[in-house]
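When a ligand or atom number is given, it counts from 1 through the structure's own listing order. Side-chain atoms are counted along with the backbone in the values below, which use heavy atoms only and exclude waters and symmetry mates.
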Amino acid sequence: MKSRSINLEYYEFESLDGLPEKEQVLIQRAIEIAQKAYAPYSNFPVGAAVLLDNGAMFAGNNQENIAYPSGTCAERTVLNYVHGNYPESRIDMIAITAVNSKSLIPATPCGFCRQVIVEMEQNQGAPIRVILHKINGSTFVFDSAHSLLPLAFDDDVLKR
Ligand code: THU
């Protein structure tokens with residue numbers, strides 16, 4: 001038996017000032033769109049904003065439903081829109097923020113959303129930077145989605 005470990009590396013910024021301007025702009029967009037979330041059941045509005053390699057920016061928020069599993073997270077709202085409309089474009093980064101979070105650290109994407117981001121990252125053959133922002137708090141930056149989902153179930157398993 002061998003003991004193994006997986007290292008998760010990310011950067012923490014205590015204030016937005018330390019981040020590059022385009023990342024700051026993307027975070028602001030995520031904050032704005034979170035205000036329009038439809039989250040009456042959880043009261044946990046989330047915003048996600050995506051930046052493409054051509055500079056285009058898209059945003060989405062969580063859309064809940066009285067039949068709870070019918071709701072959709074902010075990340076998949078925007079990612080599925082972008083992938084559906086611009087399948088050839090490359091996603092450079094996604095910024096995510098939860099405006100009512102009680103946690104002391106930024107909210108992190110659920111497992112479902114991590115799986116979706118990882119597949120888009122694999123398909124485009126380039127990493128997607130994941131930026132998690134806590135309002136009036138710190139920001140965590142991950143160089144790739146894969147680092148947030150180590151040992152991911154990915155297309156390697158289906159290769160013959
Ligand atoms: N939610 C997101 O939109 N993104 C996440 O990464 C975590 C959770 C939403 C789903 C639900 O509407 C609410 O937050 C509470 O779970």
Residue [X] vicinity, atoms of ligand 1 by number, heavy atom under 4.0 Å:
| X | value |
| --- | --- |
| Ser42 | 13 (C), 15 (C) |
| Thr108 | 6 (O) |
| Pro109 | 6 (O) |
| Cys110 | 6 (O) |
| Glu64 | 11 (C), 12 (O), 13 (C) |

### Residue pairs, two or more places apart or on separate chains, that pass side-chain hydrogen bond (donor to acceptor under 3.5 Å, both in side chains) and touch residues 18-31
Arg29-Glu32
[atom]: which protein heavy atom is closest, and how many Å away?
| atom | answer |
| --- | --- |
| atom 5 (C) of ligand 1 | Glu75 OE2, 3.4 Å |
| atom 3 (O) of ligand 1 | Ala74 N, 2.9 Å |
| atom 10 (C) of ligand 1 | Cys73 SG, 3.9 Å |
| atom 9 (C) of ligand 1 | Asn62 ND2, 3.4 Å |

### Query
Under the 4.0 Å line, does any protein heavy atom show up next to atom 16 (O) of ligand 1?
no
Quick check for you: to the nearest 0.5 Å, what is the distance between [X] atom [atom1] and [Y] atom [atom2]?
| X | Y | atom1 | atom2 | result |
| --- | --- | --- | --- | --- |
| Ile27 | Met93 | CD1 | CE | 10.0 Å |
| Glu14 | Asp17 | CD | CG | 11.5 Å |
| Asn61 | Glu75 | CG | CD | 11.0 Å |

### Ring centre gap for Tyr41 and Tyr68 strictly below 6.0 Å
yes
### Query
Any chance the rings of Phe142 and Tyr11 have centres within less than 6.0 Å?
no
### Query
Do other residues, nucleotides or ligands put more than 12 heavy atoms under 6.0 Å from Asn85 CG?
yes
